**Student:** 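Got a structure for you, written out below as structure tokens; questions coming shortly.
Bear in mind that the values here come from a model prediction, so they are computed numbers and not experimental data. Lettering follows sequence order; numbering is per chain, from 1.
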Number of protein chains: 2
Amino acid sequence: MNEEQIIEISKALGNPTRLRILKWLRDPENNFPPHEDLGHFDDGVCASHIKDKAGLSQSTISSFLSMMEKCNLIILTRHGKWSYFKRNEKVIKEYLNSIELEY
Amino acid sequence: MNEEQIIEISKALGNPTRLRILKWLRDPENNFPPHEDLGHFDDGVCASHIKDKAGLSQSTISSFLSMMEKCNLIILTRHGKWSYFKRNEKVIKEYLNSIELEY
DNA sequence: TTGATATTTCGACATTTGTCGATATGTTTG
DNA sequence: CAAACATATCGACAAATGTCGAAATATCAA
């Protein structure tokens, strides 16, 4: 993983709300209500539920999720009007490995 | 490692100069000139050498090193008028483990 | 103790980030 | 298509960060 990516991910992790979102997404069943429509968390959790749990404004959460997605910490999947977010385990591992081995 | 510490370390890693300093300190022999007085890198590298390599002002580097030390990423040892900095491998490992297992 | 040198602290200022409410866009459904 | 809802974007503003040069401290050495 290149330096730029490591820096962007580190910035994303340097905020309590974003760090918690990442943690919550580890275990959607225990951190969020079920999705009415979908009935599963295969693509993660929809933005509204994350907003409700985080307790910040819709626009703030939207931009937080967007920056987490831009640096590939999370993966966005759209189902109709809903945006679902799940962890990008591969990139998280790469981040940890890069720091461990290179930085 | 608690959330606050993870956040502070992530912030420290979210800047190219600080990230590079951490990397350089992995291998002082190959990244810095020898210490005239000391003749070894047992306590790391002195602030001036880090400043020269980073190419930022002395005050900027001083505050960068200070914040890296406050969040325990690096360990400061003073020898007379020189401040030497080395990596805190234990804390770096704890950071990576915490993210891997909790976040 | 005085001068030279290493580091820290201070004050300034520009840039970035955190956060909001309002507005715009996109999607579903009646 | 129009209303309703989920999400994204915009504009604003306060707080934090990046960065500098200058001044203050601390230490060594003559």
**Student:** List in numerical order all residues of residues 33-56 of chain A for which some heavy atom is under 4.0 Å away from an atom belonging to DNA chain D.
**Tutor:**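 A:Cys46, A:Ala47, A:Ser48 - these, ordered by number, are the residues of the stretch whose heavy atoms sit under 4.0 Å from the strand.
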**Student:** Which label fits A:His35 and A:His49: parallel for a plane angle under 30°, tilted from 30 to 60°, or perpendicular past 60°?
**Tutor:**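 A:His35 and A:His49: parallel rings.
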**Student:** What's the CD1-C1' distance between B:Ile21 and D:dG18, to the nearest Å?
**Tutor:**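 It is 13 Å, rounded to the nearest whole Å.
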**Student:** Is there a donor and acceptor pair closer than 3.5 Å between the side chain of A:Gln58 and the base of D:dA6?
**Tutor:**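 When only heavy-atom distances are counted, A:Gln58 does not reach the base of D:dA6 through any donor-acceptor pair under 3.5 Å.
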**Student:** Is it the case that more than 12 heavy atoms not belonging to A:Glu29 sit under 6.0 Å from its CD atom?
**Tutor:**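 Yes, the 6.0 Å shell around CD holds more than 12 heavy atoms from other groups.
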**Student:** Any salt bridge (charged side-chain N to carboxylate O under 4.0 Å, His left out) involving residues 43-56 of chain B? Give me the pairs, sequence neighbours left out, ordered by first then second residue.
**Tutor:**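 Salt bridge (charged side-chain N to carboxylate O under 4.0 Å, His left out) check on residues 43-56 of chain B returns B:Asp43-B:Lys86.
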**Student:** So which of B:Asn31, B:Leu73, B:Ile50, B:Asn88 actually passes side-chain contact (heavy atoms from CB on, under 4.5 Å) with B:Leu25?
**Tutor:**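 Result: among B:Asn31, B:Leu73, B:Ile50, B:Asn88, B:Ile50 is the only option passing the side-chain contact (heavy atoms from CB on, under 4.5 Å) with B:Leu25.
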**Student:** Rounded to whole angstroms, how far apart are CH2 on B:Trp82 and C1' on D:dT27?
**Tutor:**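 Atom CH2 in B:Trp82 sits about 9 Å away from atom C1' in D:dT27.
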**Student:** Report the secondary structure of DNA chain C in dot-bracket form, marking unpaired bases with a dot and bases paired to a different strand with |, and treating Watson-Crick or G-U pairs with both distances under 3.5 Å as paired.
**Tutor:** ||||||||||||||||||||||||||||||
**Student:** How would you list, by chain and number, every residue that makes a side chain to side chain donor-acceptor pair (under 3.5 Å) with B:Lys93, sequence neighbours excluded?
**Tutor:**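 Testing B:Lys93 for side chain to side chain donor-acceptor pair (under 3.5 Å), a comparison that skips the adjacent residues, returns none.
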**Student:** To the nearest angstrom, how far is A:Phe64 atom CZ from D:dA8 atom P?
**Tutor:**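 Value for this atom pair: 14 Å.
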**Student:** From A:Met67 CE over to A:Arg18 CZ, what is the distance, rounded to the nearest 0.5 angstrom?
**Tutor:**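 That separation rounds to 4.0 Å.
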**Student:** Of all residues at least two apart in sequence or in a different chain, which pass the side chain to side chain contact (heavy atoms under 4.5 Å, CB included) check with A:Arg26?
**Tutor:**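 With sequence neighbours excluded, A:Arg26 shows a side chain to side chain contact (heavy atoms under 4.5 Å, CB included) to A:Arg87, given in chain and number order.
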**Student:** Distance check needed: D:dC28 P versus B:Arg78 CZ, whole Å only.
**Tutor:**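 Going from B:Arg78 (CZ) to D:dC28 (P), I get 12 Å.
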**Student:** Is the A:Phe32 ring parallel, tilted or perpendicular to the A:Trp24 ring (thresholds 30°, 60°)?
**Tutor:**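 Judged by the thresholds at 30° and 60°, the geometry between A:Phe32 and A:Trp24 is perpendicular.
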**Student:** Rounding to an integer number of Å, can you tell me how far B:Ile7 CD1 sits from C:dG18 P?
**Tutor:**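 Atom-to-atom, B:Ile7 to C:dG18, this comes out as 11 Å.
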**Student:** Whole-Å distance between C:dC20 P and A:Ile61 CD1?
**Tutor:**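 Computing the A:Ile61:CD1 to C:dC20:P distance gives 8 Å.
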**Student:** Which is true for A:Ser83 with a 4.0 Å heavy-atom rule: it touches a base, it touches only sugar-phosphate, or it touches nothing?
**Tutor:**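 If one applies the 4.0 Å heavy-atom cut-off, A:Ser83 turns out to touch the sugar-phosphate alone, with no base involved.
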**Student:** So does B:Ser59 reach the base of D:dG21 with its side chain, donor to acceptor, closer than 3.5 Å?
**Tutor:**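 Result: at least one qualifying N/O pair found.
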**Student:** To the nearest Å, give me how far apart CZ (B:Arg20) and P (D:dG18) are.
**Tutor:**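 Computing the B:Arg20:CZ to D:dG18:P distance gives 13 Å.
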**Student:** Here's a test of your reading of the structure: between B:Tyr84 and A:Asn15, which maps to the more 5' nucleotide of DNA chain C?
**Tutor:**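 On the 5' side of the pair lies B:Tyr84.
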**Student:** Report the residue (A:Lys81 or A:Gly14) whose heavy-atom-nearest nucleotide on DNA chain C is the more 5′ of the two.
**Tutor:**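 So the residue in question is A:Gly14.
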**Student:** Can you check whether any acceptor in the base of D:dG18 is under 3.5 Å from a donor in the side chain of B:Thr60, or vice versa?
**Tutor:**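 No, the side chain and the base share no sub-3.5 Å donor-acceptor pair.
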**Student:** Separation of B:Glu69 atom CD from C:dT7 atom P, in whole Å?
**Tutor:**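 Those two atoms, CD and P, are 14 Å apart.
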**Student:** With sequence neighbours left out, what residues match A:Glu69 under side chain to side chain contact (heavy atoms under 4.5 Å, CB included)?
**Tutor:**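 Side chain to side chain contact (heavy atoms under 4.5 Å, CB included) list for A:Glu69, sorted by chain: A:Ile74, A:Leu76.
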